[in-house]
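Every chain is numbered from 1 and lettered A, B, ... according to where its sequence line falls, protein lines coming before strand lines.
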Number of protein chains: 2
Amino acid sequence: MPYDPSAFPPFAVTVDLVVLTVRRHALCALAVRRGESPFQGRWALPGGFVRADEDLSQAAARELAEETGLRAHDPDAPAQEGGAHLEQLATYGDPKRDPRMRVVSVAHLALAPDLPAPRAGGDASNARWAPVDELLAQGGYGRDGEPVAPLAFDHTQILSDGVERARSKIEYSSLATAFCPPEFTVGELRRVYEAVWGVALDPRNFHRKVTGTPGFLVPTGGTTTRQGGRPAQLFRAGGATLLNPPMLRPEV
Amino acid sequence: MPYDPSAFPPFAVTVDLVVLTVRRHALCALAVRRGESPFQGRWALPGGFVRADEDLSQAAARELAEETGLRAHDPDAPAQEGGAHLEQLATYGDPKRDPRMRVVSVAHLALAPDLPAPRAGGDASNARWAPVDELLAQGGYGRDGEPVAPLAFDHTQILSDGVERARSKIEYSSLATAFCPPEFTVGELRRVYEAVWGVALDPRNFHRKVTGTPGFLVPTGGTTTRQGGRPAQLFRAGGATLLNPPMLRPEV
DNA sequence: GATCATAGTCGTCTGCCTGACGATAAACAC
DNA sequence: GTGTTTATCGTCAGGCAGACGACTATGATC
């Protein structure tokens, strides 16, 4: 069978981003308001077309920088300061997912520390951090009691998959530190786990676990009282990427 | 910004399959010989173009059926008889991965019980089950001492990612049963773990673990001596998909 | 400055799970 | 019968997690 360019249908390929952060004890995702049809005015995940000479991860990193100013880290590197963790999530290609044409979207997952207000072309009203519970309660009601429209396209599914990935991945990796600033306390790390999993963890057992796992945390020597109470030791993320044994997520 | 069809470059989208099975105590993958350029005559993973009206998972299931005759199962359903487990693996889109044109490949992972000889258009010499160690030893030497050419395109990377996914997934899910026939013994299941992980497991502790995990195995009442020795109980896969606590992979 | 509220840190105890490994059972080959 | 192979049950010690008590060091409040 010779090579025949007409033998395959043309596709558009996009990257969509699930950018997660923890704000005020809640897991939040970056949402942008669509300015054009279809789904005009609805909230959606940030994303865009992959360029002709771009790798998928490059396209995702470019979109992330455009939307948040964050630089991406290599997914295999341990979480570090001054950038976000970025990894491929999954690919969505239902023939009807975009009414305009055949679009295959390669979704990526980004985890970032708490950030200043997002930017979307300089217009703050068109981008926001929204609690994932709110975004996923499609057809439900937000915190202010107003009805909430579901996300555009299949973005509710993509966001749901991204949140699930994050929830499971912080169990057996040190990824939770990607939600923290460069230096953080054990309590701040615990609040990340509590926000992502939506549970309360015992501070004493958590402290024992994370400080006892070799390579997870490295003390910097400093302390802080920014959370109130007794001064807490400051840590950086250590070199370990896999936690063995893993953090155990309380059932249900 | 209005909709502009010329604003995005056209891509070809394919699905490639990592089809794994366990044969003669070794983890094997399905490989097909390329009949055309590029990489003519080299071994590659099976795959093909996604059709215009097809979802990605449909395309993967179609390719799987064409190459092996297997029907695919829903990834969320527990492993069951008479078909293969099929799930999306990852997407590969380096601009140079195919010298002919811009191709994005959505790789899928399939796990199947030991099968009769593969078929590739009826020509058995163009499809085979090969031990993954052999396929991944690119530029190395096979069991017969002859030099082995690496797989075509980036298929070595895809296969490596698929094997790693399978290795980690049987830790915390009941997926290992997808490698087994509808009814199997504890010993047969143990040999699956040993082949996939490449380690030896203690038969007594393994037996205690799998029979003690609720929902993992359901006894059928029958016994078999097909492995020799004392008759062993036959089991079916139970309804559980997640193992908690997981199977522990011995270190290194 | 005493008291209180808030966080952080160290210990103890108990139960469960795992790894190591002994012992027994039931088939087949000779 | 004897030996070999595989399956299955039991025992024991060590490690880890959950529950929870106790103490420490700040800032806030009276």
Side-chain angles (χ1 to χ4, degrees), chain A residues 24-25 170-172 180-181 183-195 197 199-235 240 242-252, chain B residues 24-25 170-172 180-181 183-195 197 199-235 240 242-252:
Chain A
R24 282 182 266 111
H25 288 210
I170 64 173
E171 288 189 62
Y172 58 88
C180 294
E183 295 196 350
F184 52 90
T185 69
V186 172
E188 288 166 347
L189 184 62
R190 175 169 49 83
R191 279 179 279 276
V192 165
Y193 275 91
E194 292 178 334
W197 285 345
V199 299
L201 300 176
D202 185 286
R204 298 156 292 187
N205 293 335
F206 184 87
H207 187 278
R208 178 183 60 190
K209 172 71 178 174
V210 296
T211 57
T213 300
F216 192 6
L217 300 184
V218 178
T220 66
T223 61
T224 183
T225 60
R226 63 185 171 220
Q227 298 289 342
R230 170 177 165 180
Q233 272 190 92
L234 284 170
F235 294 88
L242 257 49
L243 304 183
N244 207 315
M247 293 286 305
L248 291 187
R249 168 156 45 160
E251 359 217 321
V252 188
Chain B
R24 282 183 267 112
H25 288 210
I170 64 172
E171 287 189 62
Y172 58 88
C180 294
E183 296 197 349
F184 53 89
T185 69
V186 172
E188 289 165 348
L189 183 62
R190 175 169 50 81
R191 279 179 279 275
V192 165
Y193 275 92
E194 292 179 334
W197 285 345
V199 298
L201 300 175
D202 185 285
R204 297 156 291 188
N205 292 335
F206 184 87
H207 187 278
R208 176 182 62 192
K209 172 70 177 174
V210 296
T211 56
T213 299
F216 192 7
L217 300 183
V218 178
T220 65
T223 61
T224 182
T225 60
R226 63 185 171 219
Q227 298 289 341
R230 170 176 163 180
Q233 262 188 286
L234 285 169
F235 294 88
L242 258 48
L243 305 183
N244 208 315
M247 292 288 304
L248 290 189
R249 168 157 43 161
E251 358 218 320
V252 186

- Item | Where A:Val210 and A:Phe216 come nearest, the two heavy atoms and their spacing |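 Answer, listing the atom of A:Val210 first, then A:Phe216: CG1-CE2, 3.7 Å.
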
Tell me: [atom1] of [X] to [atom2] of [N], nearest whole Å?
{"X": "B:Leu189", "N": "D:dA7", "atom1": "CG", "atom2": "P", "value": "11 Å"}
{"X": "B:Leu234", "N": "D:dT6", "atom1": "CG", "atom2": "P", "value": "17 Å"}
{"X": "B:Asp202", "N": "D:dA7", "atom1": "CG", "atom2": "P", "value": "13 Å"}
{"X": "A:Leu248", "N": "C:dC16", "atom1": "CG", "atom2": "C1'", "value": "12 Å"}
{"X": "A:Asn244", "N": "C:dT18", "atom1": "CG", "atom2": "P", "value": "13 Å"}
{"X": "A:Gln233", "N": "D:dT26", "atom1": "CD", "atom2": "P", "value": "13 Å"}
{"X": "A:Gln227", "N": "D:dA28", "atom1": "CD", "atom2": "C1'", "value": "17 Å"}
{"X": "B:Leu201", "N": "D:dT6", "atom1": "CG", "atom2": "C1'", "value": "16 Å"}

Taking OP1 and OP2 of [N], is either one under 4.0 Å from a side-chain nitrogen or oxygen of [X]?
{"X": "B:Arg208", "N": "D:dA7", "value": "no"}
{"X": "A:Lys209", "N": "D:dC16", "value": "no"}
{"X": "A:Arg190", "N": "C:dT9", "value": "no"}
{"X": "A:His207", "N": "C:dT9", "value": "yes"}

- Any chance the rings of B:Phe184 and B:Phe235 have centres within less than 6.0 Å?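 No, the ring of B:Phe184 stays outside the 6.0 Å limit from the ring of B:Phe235, centre to centre.
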
Let me confirm one number: the [atom1]-[atom2] distance from [X] to [Y], rounded to the nearest 0.5 Å.
{"X": "B:Glu194", "Y": "B:Arg190", "atom1": "CD", "atom2": "CZ", "value": "5.0 Å"}
{"X": "B:Leu234", "Y": "B:Thr220", "atom1": "CG", "atom2": "OG1", "value": "4.5 Å"}
{"X": "A:Leu189", "Y": "A:Leu217", "atom1": "CG", "atom2": "CG", "value": "6.0 Å"}

- Query: For DNA chain C, whose closest nucleotide is more 5', that of B:Arg230 or that of B:Met247?
  - Reply: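 The residue mapped nearer the 5' terminus is B:Met247.
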
- Message: Nearest heavy atom decides the nucleotide; on that basis, is B:Pro231 or B:Pro245 closer to the 5' end of DNA chain C?
- Response: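 Of the two residues, B:Pro245 wins.
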
- Side-chain donor/acceptor contact of B:Arg204 with base of C:dG22 under 3.5 Å: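 Under the 3.5 Å cut-off, the side chain and the base do form a donor-acceptor pair.
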
- Query: Choosing from D:dT6, D:dT8, C:dG8, which nucleotide comes nearest the side chain of A:Arg191?
  - Reply: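 Looking only at heavy atoms from C-beta outward on A:Arg191, the closest nucleotide is C:dG8.
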
- Just checking B:Arg226: base, sugar-phosphate only, or nothing, at a heavy-atom cut-off of under 4.0 Å?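 Touches nothing.
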
- Query: Hey, which of these two, B:Asn205 or B:Glu188, hits DNA chain D nearer its 5' end, going by closest nucleotide?
  - Reply: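 That would be B:Glu188.
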
